[in-house]
Student: 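Dropping a structure here in structure tokens format, bear with me for questions.
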Amino acid sequence: MTGRIHSLFPVPIYVKEIDREFTKKELKFIKDQEKHCMANEGNRNTSDYYILKRKELKNIRKFIEQSCQEYLDNVISPANDIKFYITESWLNYTREDQYHHVHSHPNSIMSGVLYIDSDKDSIKFTTPHGYKRLKPQVKNFNVWNSDTWNFPVNTGQLIMFPSETIHQVDRKKGKNVRTSLAFNTFYRGVIGEGPGLTELVLK
């Protein structure tokens, strides 16, 4: 009889489709923002770090906020009445042979990326436990023996994950401009409890 493998303390990667085409107005606004960019390590992002406050993206913001609530309800499942709110949001533009450097998102609880234009791309997640005392050569990679894992991404797909999760995007191939909208979140409300001396009020 073969033994069973259980995943203990897995990292939740939440994937959702927007289930509609981006409008011409949204796409024009997003394309125009590339003129207002600053250099990032490997690619470029908008200098406006609150891009989801722009009226042209109000319906995209509504979709993201609904998705944040789903993540909160299904992954964190808080006992208290707390909410996520979007702290910062920005657009990324990656052209051929550019990349998105290895990073995580400090000062945030959950982060996400909505893909506006993606062509056979993927986001690569890296385990925080990179050091291994002994490292045998691997015959078949799986979620237990891998240091990195690629998630294929498509246009219109939203991926959300704990902000401390290390991730990157490899050098881009193809002529399209890979375009994504990224955001960070934080709690609003009361977390913890008074009797346990853990209460924290976040307004």
Side-chain angles (χ1 to χ4, degrees), residues 1-19 41-43 63-84 86-87 92 94 99-174 178 180-187 189 191-193 196 198 200:
M1 180 177 177
T2 303
R4 291 174 292 176
I5 301 173
H6 298 273
S7 291
L8 186 64
F9 310 129
V11 176
I13 308 297
Y14 206 79
V15 181
K16 185 178 179 181
E17 309 291 337
I18 196 169
D19 286 337
E41 185 181 339
N43 62 355
F63 164 73
I64 289 175
E65 288 176 336
Q66 290 171 346
S67 301
C68 287
Q69 188 63 44
E70 287 180 16
Y71 185 101
L72 184 68
D73 292 341
N74 294 302
V75 176
I76 297 173
S77 189
N80 293 353
D81 182 21
I82 59 175
K83 302 291 183 184
F84 271 141
I86 297 168
T87 55
N92 300 298
T94 308
Y99 62 94
H100 211 125
H101 66 291
V102 178
H103 65 288
S104 59
H105 294 233
N107 302 326
S108 176
I109 304 297
M110 182 274 295
S111 297
V113 186
L114 175 63
Y115 289 88
I116 310 298
D117 187 345
S118 178
D119 180 21
K120 300 179 181 178
D121 296 315
S122 63
I123 182 171
K124 179 186 288 185
F125 293 102
T126 302
T127 173
H129 312 295
Y131 173 75
K132 294 180 180 178
R133 292 184 183 89
L134 299 173
K135 193 171 182 179
Q137 194 170 7
V138 174
K139 179 173 67 174
N140 296 309
F141 285 99
N142 56 52
V143 294
W144 297 286
N145 65 18
S146 298
D147 293 327
T148 63
W149 199 264
N150 285 322
F151 264 71
V153 293
N154 300 307
T155 297
Q157 195 168 63
L158 173 64
I159 294 189
M160 298 182 290
F161 47 87
S163 298
E164 67 272 20
T165 310
I166 302 167
H167 56 286
Q168 70 187 86
V169 178
D170 290 335
R171 287 194 180 274
K172 180 170 181 334
K173 299 177 181 179
R178 182 177 60 224
S180 63
L181 193 161
F183 61 92
N184 290 329
T185 65
F186 209 75
Y187 289 136
I191 63 174
E193 58 178 354
T198 60
L200 177 61

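In this text, all values refer to a predicted model and were calculated from it rather than measured experimentally.
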Student: Please report the closest heavy-atom contact between W149 and V143, naming both atoms and the distance.
Tutor: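 Looking at all heavy atoms of both residues, the shortest contact is CZ3-N, 3.7 Å.
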
Student: With a 4.5 Å limit on heavy-atom distance, are the side chains of V169 and R178 in contact?
Tutor: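 Result yes, sub-4.5 Å side-chain heavy-atom pair found.
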
Student: Does any non-hydrogen side-chain atom of T94 lie less than 4.5 Å from one of Y99?
Tutor: no

Student: With side chain to side chain contact (heavy atoms under 4.5 Å, CB included) as the criterion, how do Y187 and L72 come out once you've worked through the C-alpha distance, each side chain's angles and the decisive distance to 0.1 Å?
Tutor: CA-CA 10 Å; Y187 289 136; L72 184 68; 4.0 Å; yes

Student: So W144 and I5, do their side chains get closer than 4.5 Å, heavy atoms only?
Tutor: yes

Student: What's the separation between atom CG in D121 and atom OG1 in T155, rounded to the nearest 0.5 Å?
Tutor: 8.0 Å

Student: Taking salt bridge (charged side-chain N to carboxylate O under 4.0 Å, His left out) as the cut-off, I'd like each qualifying pair that reaches into residues 103-113, sequence neighbours left out, listed once.
Tutor: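 Output for this query is empty, none listed.
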
Student: Taking all non-hydrogen atoms of both residues into account, name the closest pair between G112 and F161 and its distance.
Tutor: CA-CE2, 4.5 Å

Student: Measure the CD1-OG distance between I86 and S108 for me, rounded to the nearest 0.5 Å.
Tutor: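 Separation between the atoms: 10.5 Å.
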
Student: Does any N or O in the side chain of K172 come within less than 3.5 Å of the main-chain N or O of G174, such that one atom is a donor and the other an acceptor?
Tutor: yes

Student: Can you check side chain to side chain contact (heavy atoms under 4.5 Å, CB included) on K173 and R171, steps first, answer last?
Tutor: CA-CA 7 Å; K173 299 177 181 179; R171 287 194 180 274; over 6 Å; no

Student: So, do T87 and F183 sit near enough that their side-chain heavy atoms are less than 4.5 Å apart?
Tutor: no

Student: Hey, could you give me each pair passing salt bridge (charged side-chain N to carboxylate O under 4.0 Å, His left out) that has a residue in residues 160-170? Not counting sequence neighbours.
Tutor: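 Passing the test, one end in residues 160-170: K124-D170.
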
Student: Just by distance, no angles: are the side chains of H167 and H101 close enough, under 3.5 Å, to form a donor-acceptor pair?
Tutor: no

Student: Got L181 and I64 here, is their nearest side-chain heavy-atom distance under 4.5 Å?
Tutor: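 Yes. Closest side-chain heavy atoms under 4.5 Å.
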
Student: Would D81 and K83 count as a side chain to side chain contact (heavy atoms under 4.5 Å, CB included) if you check the C-alpha gap in whole Å, the side-chain angles of each, and the deciding distance to 0.1 Å?
Tutor: CA-CA 7 Å; D81 182 21; K83 302 291 183 184; 3.8 Å; yes

Student: Do I109 and F84 pass the side chain to side chain contact (heavy atoms under 4.5 Å, CB included) test, and can you show the C-alpha distance, the side-chain angles, and the key distance before you say yes or no?
Tutor: CA-CA 9 Å; I109 304 297; F84 271 141; 3.7 Å; yes

Student: Between atom NZ of K139 and atom CG of N145, what is the distance when rounded to the nearest 0.5 Å?
Tutor: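 Nearest 0.5 Å value for the NZ-CG distance: 11.5 Å.
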
Student: What are the two closest non-hydrogen atoms of N107 and F186, and how far apart are they?
Tutor: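 So the minimum-distance heavy-atom pair works out to O-CD1, 4.0 Å.
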
Student: So does D73 have more than 12 non-hydrogen atoms from other groups sitting under 6.0 Å from CG?
Tutor: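 Enclosed.
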
Student: Run the numbers on T127 and D147 for side-chain hydrogen bond (donor to acceptor under 3.5 Å, both in side chains), then give the verdict.
Tutor: CA-CA 5 Å; T127 173; D147 293 327; 5.8 Å; no

Student: What is the distance from atom CZ of F151 to atom CD1 of I13, rounded to the nearest 0.5 Å?
Tutor: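 One finds 5.5 Å between CZ of F151 and CD1 of I13.
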
Student: Can you label the angle between the H105 ring and the H103 ring as parallel, tilted or perpendicular, going by 30° and 60°?
Tutor: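 Ring orientation of H105 relative to H103: tilted.
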
Student: Where do P162 and P12 come nearest, in terms of heavy atoms and distance?
Tutor: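 Scanning both residues, the minimum pair turns out to be CD-O, 3.3 Å.
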
Student: Please check: side-chain N/O of N80 versus main-chain N/O of I82, any donor-acceptor pairing under 3.5 Å?
Tutor: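 Checked: no pair found.
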
Student: Atom CE of M160 and atom OH of Y71: how far apart are they, to the nearest 0.5 Å?
Tutor: 7.5 Å

Student: List the atom of C68, the atom of M110, and the distance in Å for their closest heavy-atom pair.
Tutor: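 Nearest heavy atoms, C68 then M110: SG-CE, 3.6 Å.
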
Student: Going by atom types alone, do S118 and N154 pair a side-chain donor with an acceptor below 3.5 Å?
Tutor: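 No pair is found: no donor N or O on one side chain lies under 3.5 Å from an acceptor on the other.
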
Student: So I166 and Q168, do their side chains get closer than 4.5 Å, heavy atoms only?
Tutor: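 No, side chains not in contact.
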
Student: Return the CG to NZ distance between L114 and K16, rounded to the nearest 0.5 Å.
Tutor: 11.0 Å

Student: Do S111 and N184 have side-chain atoms, one donor and one acceptor, less than 3.5 Å apart?
Tutor: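 There is such a pair (donor and acceptor under 3.5 Å, judged by atom type) between the side chains of S111 and N184.
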
Student: Is there a side-chain contact between F125 and I159 (heavy atoms, below 4.5 Å)?
Tutor: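 Yes; the side chains approach each other to less than 4.5 Å.
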
